[in-house]
Colleague: 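Dropping the structure in here first, questions after.
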Protein chains: 2
Amino acid sequence: MAERSRRRQGQRTVSIRDVAEAAGVSVATVSRALSADSASFQIRPETRQHVLETSAALGYRPNDLARALLQQRTSVIGVIVPDIANPFYTGVVRGIEDVASEAGYRMVLCNTDREPDRLDKYLETLVSSRVDGVLIAGGAADTPLDVDVFTRYHTKVVVVGRHDVACPSVQLDNVAAGAAITAHLAGLGHRRIALIAGPGDSRTMRDRLEGYRSALRAHGLPQLDELIRRGELDEDSGYRAAGELSTMDVPPTGIVTLNDRMAVGALAALHDRGISVPQKVSVTGFDDVSFASYVRPKLTTVSVPTYRIGTTAAELLLSALRGEPDSDGGKRVVLPTEVVIRDSSAPPPA
Amino acid sequence: MAERSRRRQGQRTVSIRDVAEAAGVSVATVSRALSADSASFQIRPETRQHVLETSAALGYRPNDLARALLQQRTSVIGVIVPDIANPFYTGVVRGIEDVASEAGYRMVLCNTDREPDRLDKYLETLVSSRVDGVLIAGGAADTPLDVDVFTRYHTKVVVVGRHDVACPSVQLDNVAAGAAITAHLAGLGHRRIALIAGPGDSRTMRDRLEGYRSALRAHGLPQLDELIRRGELDEDSGYRAAGELSTMDVPPTGIVTLNDRMAVGALAALHDRGISVPQKVSVTGFDDVSFASYVRPKLTTVSVPTYRIGTTAAELLLSALRGEPDSDGGKRVVLPTEVVIRDSSAPPPA
DNA sequence: TTGTAAGCGTTATCAG
DNA sequence: CTGATAACGCTTACAA
């Protein structure tokens, strides 16, 4: 008895049996006293009170592992993102966490850094840790997702921004968004509109690029490969791409940038070359991150509801976890984007 | 036997017993075959091979909960930050995750939003989920941390940026940093140096403020309360504070801002009022986030090694988890900061 | 209202 | 080299 109390290195973690012994009741009674729902009935109030007190006195903390093992649910969800440092995903994650934690779920965050290997590794460990659900945001669309393992282990899956998988998803109409921002420039009279894109393996980037192309087509503008540059989604990429574009024989009068960080880089490059925005050339961003309206000129961009993407995705997952019908099929929620016109875009010079 | 295979809702998750039955061996043998270290010995290679194959055929995934329950370790660490959207913490978290995942640990991320209640709730659930260790970054220094629960449950704790707790920690010398950036301005000849601070309950912000004060003292400059403004760490705060400062009867010629986002806001405010930086007034930031060198003028700021803070903290935690001596006391690592002089600071106008 | 005991899926100990 | 079996800490029928 007393031997149980000290074993190994000093103190032992206190278990439900310790509480039971100390309170002079059975473990079942302790369990009942502590379980939230059977709060008032199924147990005598005084007993309950007594157990609560001894439990507190001993500093008892129930072991969720044991509970989860028994109940076959962990109350944990896994969240996989390409890069948490990307403001887009930061917003999404915040949204997810807020609704998940509200519903009593913990969140395991995984960064893939866009490496397929890391994605696979994370999927593996998430299954092993028996998370109740997984939220997969973004990532290379070329590496197909294998959701079979998850269904095998009753793990619900919701994806953000992928189209290639048969599970609930929340998406942006990135094609329309890319078209809209390009059309904004075309509508202002620009005829040479360049694009600073992101990595080609991302579905999001491909869609925005396609939107750009279709808008060009719709406005009867030629599609020139030399006007399309690839970037790495950071400021430096935008800086270099814009620098190159500005030294072309016939430079573009408009630059569509596929995220705000690259747009800020582009703005800096143009500034450094004495090319005024928007008088000489217009620049647009994408995402509408917090600093977009604090750079000068204020950035014309496309606002995307990152936080809402997160909350929506989490709600989709929660409803799947509740076993609600129709949550297994490919329920798709498409969230709206909006062109936000500020000061970095204007008609081209005469 | 066969009954075991389908119960409840369609398929059951496959367990080690299923593999054992299918392979015609005992569960112990399966366990041995799958355990990494006893790879080649203690078991006949053919047996091992056979088990591996049936395991793969059945799509078996070991249940980490059961393992954790038995071994008293989860291979999970909890990470608590005030706000993951803050670039500072994003960097820290990336650092943590990289070394943690390398060492085979998963990470549970918790956002407190600087609300003490949420912090408490998270600490509670982290103990219950029996994470092996907890990393606590930032947060209100006024609400003391109760580490006792953790030691009771053998949970190692490492803090980032707090001084009030007896466990390993990694810190920045924020006092020195605040003093250094202020001294930079003072050295340039500025005599009216304003401060745009952050929330007063953060230790980091208090230290930087103290550094500002001491630098003023060291340079024999008066400390004027009217020159100190509080912000919320976002662009808008900086914008408004700088706007107010610029309309004072005797406006400051230098503005020290306690993070880069507020500095960008300040730059915008000054720009909008036609006050040129750095000719009329100098502005400095703090943190050196990615866009700091892409705003114009480029921001003079203090670079802090966020990523390294994260890796260092994680390593501290890992060594504590390995039970290395001396990792329980208050081992403190102080990381260096550096004033990065760019274009937003210059001597005051004559 | 309370207690007893089975079992969740592993690993480790101890025999064979 | 392999097989029983006892834990790990908890919840939940079922009995008392």
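All values below were derived from every heavy atom in this structure, side-chain atoms included, with hydrogens, water molecules and symmetry-related copies excluded. A, B, ... follow the sequence lines: proteins, then strands. Residue 1 opens every chain.
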Colleague: State whether A/Arg17 places a side-chain N or O below 4.0 Å from either non-bridging phosphate oxygen (OP1 or OP2) of D/dC10.
Modeller: no
Colleague: Let me know the distance between CZ of B/Arg73 and C1' of C/dA12, rounded to the nearest Å.
Modeller: 16 Å
Colleague: OP1 or OP2 of D/dT11 less than 4.0 angstrom from a side-chain nitrogen or oxygen of A/Arg67, does that happen here?
Modeller: yes
Colleague: Report yes if at least one side-chain N or O of B/Ser31 is closer than 4.0 Å to OP1 or OP2 of C/dT10; otherwise report no.
Modeller: no
Colleague: Taking atom C1' of C/dG9 as reference, at what distance in whole Å does atom OH of A/Tyr153 sit?
Modeller: 11 Å
Colleague: What's the CG-P distance between B/Asn63 and D/dC10, to the nearest Å?
Modeller: 17 Å
Colleague: Expressed as a whole number of angstroms, how long is the span from A/Ile16:CD1 to D/dT11:P?
Modeller: 5 Å
Colleague: Between A/Thr54 and A/Tyr60, is any pair of side-chain heavy atoms under 4.5 Å apart?
Modeller: no
Colleague: Less than 4.0 angstrom from a charged side-chain N to a carboxylate O is my criterion; do A/Asp146 and A/Arg152 meet it?
Modeller: no
Colleague: Would you please confirm or rule out a distance under 4.0 Å between OP1 or OP2 of C/dG9 and any side-chain N or O of B/Ser15?
Modeller: no
Colleague: Are A/Asp98 and B/Arg118 within salt-bridge range, i.e. N to O under 4.0 Å?
Modeller: yes
Colleague: Phosphate oxygens OP1/OP2 of D/dG9: is one of them under 4.0 Å from a side-chain N or O of B/Gln72?
Modeller: yes
Colleague: Tell me, do A/Gln171 and A/Arg332 make a side-chain contact under 4.5 Å, heavy atoms counted?
Modeller: yes
Colleague: How many Å lie between CG on B/Leu65 and P on D/dT11, as a whole number?
Modeller: 14 Å
Colleague: Does the side chain of A/Ile80 reach to within under 4.5 Å of the side chain of A/Leu123, using non-hydrogen atoms?
Modeller: yes
Colleague: With heavy atoms under 4.0 Å as the rule, sort B/Arg61 into base, sugar-phosphate or nothing.
Modeller: sugar-phosphate
Colleague: What does the inter-axis angle of the helix from C/dT1-D/dA16 to C/dG16-D/dC1 come out as, five pairs per end, nearest 10 degrees?
Modeller: 40°
Colleague: Can you measure A/Leu70 atom CG to C/dA5 atom P for me and round it to whole angstrom units?
Modeller: 18 Å
Colleague: Under 3.5 Å, is there any donor-acceptor pair linking the side chain of A/Arg32 to the base of C/dG3?
Modeller: yes
Colleague: With sequence neighbours excluded, what pairs up with B/Ala57 under the side-chain contact (heavy atoms from CB on, under 4.5 Å) test?
Modeller: none
Colleague: Counting only side-chain nitrogens and oxygens, does B/Ser26 get under 4.0 Å of the OP1 or OP2 atom of D/dA4?
Modeller: no
Colleague: Judged by atom type as modelled, is there a donor-acceptor pair below 3.5 Å linking the side chain of B/Asp132 to the main-chain atoms of B/Ile77?
Modeller: no
Colleague: Check whether any side-chain nitrogen or oxygen of A/Tyr60 sits under 4.0 Å from OP1 or OP2 of D/dC10, and answer yes or no.
Modeller: yes
Colleague: Is the shortest heavy-atom distance from the side chain of B/Thr47 to the side chain of B/His50 under 4.5 Å?
Modeller: no
Colleague: Can you tell me how far C1' of D/dC10 sits from CZ of B/Arg130, to the nearest Å?
Modeller: 11 Å
Colleague: Indicate whether OP1 or OP2 belonging to D/dA7 is found under 4.0 Å from a side-chain N or O atom of B/Gln71.
Modeller: no
Colleague: Consider the side chain of A/Arg44, meaning its heavy atoms from C-beta on, and name the nucleotide among D/dG9, D/dT5, C/dT1 that approaches it most closely.
Modeller: C/dT1
Colleague: Taking only N and O in the side chain of B/Thr29, is any of them less than 4.0 Å away from OP1 or OP2 of D/dG3?
Modeller: yes
Colleague: Taking atom P of D/dC1 as reference, at what distance in whole Å does atom NE2 of B/His50 sit?
Modeller: 18 Å
Colleague: Among the nucleotides C/dC8, C/dT11, D/dC10, which one has an atom lying closest to any side-chain atom of A/Leu69?
Modeller: C/dC8
Colleague: Using a cut-off of less than 4.0 Å, is there contact between a side-chain N or O of A/Thr47 and OP1 or OP2 of C/dT2?
Modeller: yes
Colleague: Looking only at side-chain atoms of A/Val25, point me to the closest of D/dC8, C/dT11, C/dG3.
Modeller: C/dG3
